[in-house]
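We're numbering straight along the sequence, starting at 1.
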Amino acid sequence: MVTFNGENIFGSAVRLQHVARPRAQQVVAFFGVSGTQVLDGGGRGRAFFIRGVLTAPTLEGLNAMEARFHDYADGTARVLVDNRGRAWSNVVFRGEFVPDPRGAVPAGSGWALPYRAVFHGLT
């Protein structure tokens, strides 16, 4: 189960993909000298792309779940546990939450809201 700060804010049918950002480099070339010099500047973290479905018995409950998700957009780094059980420290949610354009849809005896979100790993 995917969790953020120990809490399942992601709902069900969660798909998580993480992509490392390119490492920083400084490339230097000198006039009259063939080639280049490359200095490694270290890693620049990663991005976590998450898709899921928030579900609740009522629209009010669904709105509360979405609001709880947005509560984490406070700039504080937390631990994200992915769907393989790996813990990623120093992960920030900046508020990049995009609900499905159809909005909330009836689902069984309640409501569902598909979404996608982006989290940022700082290390």
Side-chain angles (χ1 to χ4, degrees):
M1 173 180 14
V2 180
T3 62
F4 191 58
N5 198 40
E7 183 179 356
N8 177 12
I9 62 169
F10 301 103
S12 59
V14 179
R15 293 180 291 165
L16 184 146
Q17 177 185 24
H18 69 89
V19 178
R21 291 194 186 101
R23 295 179 66 82
Q25 292 183 338
Q26 178 180 347
V27 181
V28 181
F30 299 97
F31 184 78
V33 178
S34 296
T36 59
Q37 177 186 23
V38 178
L39 301 172
D40 181 56
R44 293 297 183 254
R46 61 189 64 246
F48 295 90
F49 301 101
I50 300 173
R51 291 182 181 270
V53 180
L54 300 179
T55 56
T58 65
L59 282 174
E60 292 79 19
L62 191 63
N63 292 339
M65 289 187 71
E66 184 178 355
R68 182 65 185 138
F69 205 107
H70 287 289
D71 285 346
Y72 281 107
D74 60 3
T76 302
R78 297 179 172 89
V79 175
L80 173 73
V81 177
D82 69 15
N83 45 7
R84 291 174 44 193
R86 296 176 294 186
W88 301 91
S89 60
N90 298 318
V91 176
V92 173
F93 178 56
R94 296 182 183 160
E96 297 172 69
F97 178 90
V98 182
D100 189 280
R102 296 174 294 161
V105 294
S109 61
W111 293 89
L113 179 65
Y115 70 89
R116 60 185 173 86
V118 180
F119 285 66
H120 298 273
L122 305 178
T123 55

Pairs where residues 54-73 contributes a residue and the test salt bridge (Lys or Arg N to Asp or Glu O under 4.0 Å) is met, not counting sequence neighbours: Glu7-Arg68, Arg68-Asp71

Residues Leu62, Thr55; criterion side-chain contact (heavy atoms from CB on, under 4.5 Å); working and verdict: CA-CA 6 Å; Leu62 191 63; Thr55 56; 5.6 Å; no

Residues which pass side chain to side chain donor-acceptor pair (under 3.5 Å) with Asp100, listed by chain and number, not counting sequence neighbours: Arg102

Contacts of Asp74 that satisfy side chain to side chain contact (heavy atoms under 4.5 Å, CB included) - sequence neighbours left out: Thr76, Arg78

All salt bridge (charged side-chain N to carboxylate O under 4.0 Å, His left out) counterparts of Arg84, not counting sequence neighbours: none

Heavy-atom side-chain contact between Leu80 and Asp82 under 4.5 Å: no

N/O donor to acceptor pairs below 3.5 angstrom from side-chain atoms of residues 12-19, sequence neighbours left out:
from: His18; atom 1: ND1; to: Arg46; atom 2: NH1; distance (Å): 2.9

Stepwise side-chain contact (heavy atoms from CB on, under 4.5 Å) check, Phe4 with Phe69: CA-CA 10 Å; Phe4 191 58; Phe69 205 107; over 6 Å; no

Other ILVMFWY residues reachable from Val81 by side-chain steps of under 4.5 Å: Val79

Could you go through residues 22-37 and list every donor-acceptor pair under 3.5 Å that involves a side-chain atom there, pairing it with any protein atom two or more places apart or in another chain?
from: Arg23; atom 1: NE; to: Asp40; atom 2: OD1; distance (Å): 3.1
from: Arg23; atom 1: NH2; to: Asp40; atom 2: OD2; distance (Å): 2.6

hydrophobic_cluster_shared for Ile50 and Val92, side chain cutoff 4.5 Å: no

Pair up each side-chain donor or acceptor in residues 105-123 with any protein partner under 3.5 Å, not counting sequence neighbours, and list the distances.
from: Tyr115; atom 1: OH; to: Phe10; atom 2: O; distance (Å): 2.7
from: His120; atom 1: ND1; to: Arg21; atom 2: NH2; distance (Å): 2.6
from: His120; atom 1: NE2; to: Glu96; atom 2: OE2; distance (Å): 2.5

ILVMFWY network linking Val53 to Val2, side-chain heavy atoms under 4.5 angstrom: no

